[in-house]
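Note sheet for the following structure.
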Amino acid sequence: MYGRLPIVKMLLVTIALTAVQSAVMVPINWNGQGASTAAPKIDHLLNVMIVLSAFVFSLVMVMLFYALWKFKAKPGDESDGEPIHGNTRLEIAWTLIPTIIVLFAGGYSWKVLDDIEDPAPKAERVTVSVFSQQFAWSFAYPGKDYAWTEEALHVPVDRQIHFKMHALDVIHSFWVPEWRIKKDNVPGITTTAIVTPDKVGTYQLVCTELCGFGHATMRAEVVVEPYGKWKKWVEGLDQKLPEEMMETLKLESVSNPPAVGAGGA
Ligand SMILES: [Cu+2]
């Protein structure tokens, strides 16, 4: 019943189906334009996951249809099915294969995250504090004495930016689709996102954690510009971080990844 031949055939059909699905899905640009050094790595990770998922989906479908066809009751057959007490080989296979796939996916994702969050030397990074509240974003520049603005987020191109994020009321989430990075802002703790924007341009910061009635409108303009221009812009800011926000910043504990100093801006 479990002869060699059907297994080899099923595997070949599975591989063929995986190839067809991958050929259709992989070329699609799911995430849109990329504008950070992390983008190609994350897009590649997504493609690897698509191929793995296509393989699992194909394998399950092939086995399902094989079983439906092979073990279909003959017309008029009213008898009970054969009692089965397990199949050790099959059970080892269906434990081992998913374990290998999940461990590989986990390990590879870990490596990509590690690459993306690899901190640059202090002198080369810029620290920006991000404040989120229902339903607005604001930004402060620690290296520039906490110059603060509600208008737009400006960052220099080709510098590693360490975003220190603070939520003043409920959980919000920081997401710039072109950078790929998304990170929750959690009341009581400071979360950190590390991004190196590599394309000058104007983007949108979107809140991706349902945070109340105005959630859909919780957006901010993001301007990525050459370092000199950015520096001038920060120097032109005439407001300092409001006292209430400074308090929040001081009271919070720092979380994942471990404390990164205030850094130069
Ligand atoms: Cu929100």
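This one's a predicted model, so the numbers in the text were calculated from it and none came from an experiment. Counting convention: from 1, in listed order, for ligands and their atoms alike. We number each residue from 1, following the sequence as shown.
At a threshold of 4.5 Å between non-hydrogen side-chain atoms, the residues Trp175 and Leu205 do not count as touching.
No donor-acceptor pair under 3.5 Å is formed between the side chain of Gln204 and the backbone N or O of Glu221.
Below 30°, between 30° and 60°, or above 60°: for Tyr108 and Phe104 the angle between ring planes is below 30°, a parallel geometry.
Take the N/O/S atoms of Glu209: the one nearest the Cu ion (ligand 1) is O.
At the Cu ion (ligand 1), the vertex angle linking SG of Cys207 with SG of Cys211 is 130° (nearest 10 degrees).
Salt bridge absent: Arg159 and Glu124 never bring a charged side-chain N and a carboxylate O closer than 4.0 Å.
Among the backbone and side-chain atoms of His215, an N, O or S atom lies under 2.8 Å from the Cu ion (ligand 1).
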